[in-house]
Number of protein chains: 2
Amino acid sequence: MPKRKTLTVRMRIRIYAGDRILGPGKMELLSHIDETGSLSAAARQMSMSYMCAWTLAKELNRDRSRPMVEMSRGGASGGTAKVTRFGRKILTLYQKMERAGNKAAGPYGRRLARLLK
Amino acid sequence: MPKRKTLTVRMRIRIYAGDRILGPGKMELLSHIDETGSLSAAARQMSMSYMCAWTLAKELNRDRSRPMVEMSRGGASGGTAKVTRFGRKILTLYQKMERAGNKAAGPYGRRLARLLK
């Protein structure tokens with residue numbers, strides 16, 4: 001039986017604003033934090049070390065007047081994390097951008113995939 | 001004087017067709033081969049080793065019935081490389097896909113960049 005070919009178009013968008021970079025890694029982390037309410041759970045879901053997730057979260061909060069994640073340390077569960085209103089605004093816009101980009105690129109991607117079969 | 005903030009939205013699109021992957025690296029290589037007519041010159045333009053470029057070119061030619069690059073070895077210049085008609089078709093579609101994706105994602109990217117300033 002011939003193997004079914006899987007066709008996927010994957011788009012990764014990065015925003016470079018001065019020395020700040022916003023890309024799929026940080027945005028995926030933010031969305032997992034939003035789901036789980038915990039930085040360590042979000043890190044696990046991404047198969048990422050806690051230290052790595054922590055570094056990304058610090059990066060998301062670099063503008064101290066507008067943090068994207070509120071973190072509280074300690075407690076039995078090892079602290080909680082919560083996406084701020086500003087963080088959610090950024091995440092929503094990023095996801096809309098991804099969807100719009102994918103929608104526009106999709107037809108070309110499918111034509112390419114057919115040509116490559 | 002305040003540093004000007006540079007805003008850029010960079011999109012990288014990969015096509016996964018079964019076990020074949022077509023992404024920005026191979027497509028950039030193909031476009032440099034088209035410009036220079038040489039694999040080693042294309043590699044230099046991408047600050048990539050010749051071996052690495054050669055591996056990518058082999059990957060582009062994996063479907064032997066439809067190669068994307070025609071390579072001839074030897075000669076004083078160390079061989080020439082030429083993008084085939086099929087290679088150019090793929091490259092053109094890929095570039096159109098990038099442009100369409102960027103155009104659709106652009107307005108969101110600019111809003112994000114403004115929020116991050």
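Below, chains carry the letters A, B, ... as their sequence lines are ordered, and counting in each starts from 1.
- In terms of heavy-atom pairs under 4.5 Å with chain B, the best-connected choice from Asn102(A), Leu93(A), Asp63(A) is Leu93(A).
- Only the side chain of Leu22(A) comes within less than 4.5 Å of a heavy atom in chain B; its backbone stays farther off.
- If you measure heavy-atom distances from Lys89(A) to chain B, the contacts under 4.5 Å come from the side chain alone.
- Only the side chain of Phe86(A) comes within less than 4.5 Å of a heavy atom of chain B; its backbone N, CA, C and O stay farther away.
- Each of Leu56(B), Ile13(B), Ile90(B) was scored for a side-chain contact (heavy atoms from CB on, under 4.5 Å) with Met27(B), with one residue passing: Ile90(B).
- Counted by atom type alone, Ser38(B) and Thr36(B) present zero donor-acceptor pairs between their side chains at under 3.5 Å.
- Around the CZ atom of Arg111(B), the shell of radius 6.0 Å holds no more than 12 heavy atoms that belong to other residues, nucleotides or ligands.
- A distance-only check finds a donor-acceptor pair linking the side chain of Arg66(A) to the backbone of Leu115(B) [under 3.5 Å].
- No part of Arg99(A) comes within reach of chain B, as not one of its non-hydrogen atoms sits under 4.5 angstrom from that chain.
- Checking side-chain atoms of Arg20(B) against main-chain N and O of Glu59(B) turns up a donor-acceptor pair under 3.5 Å.
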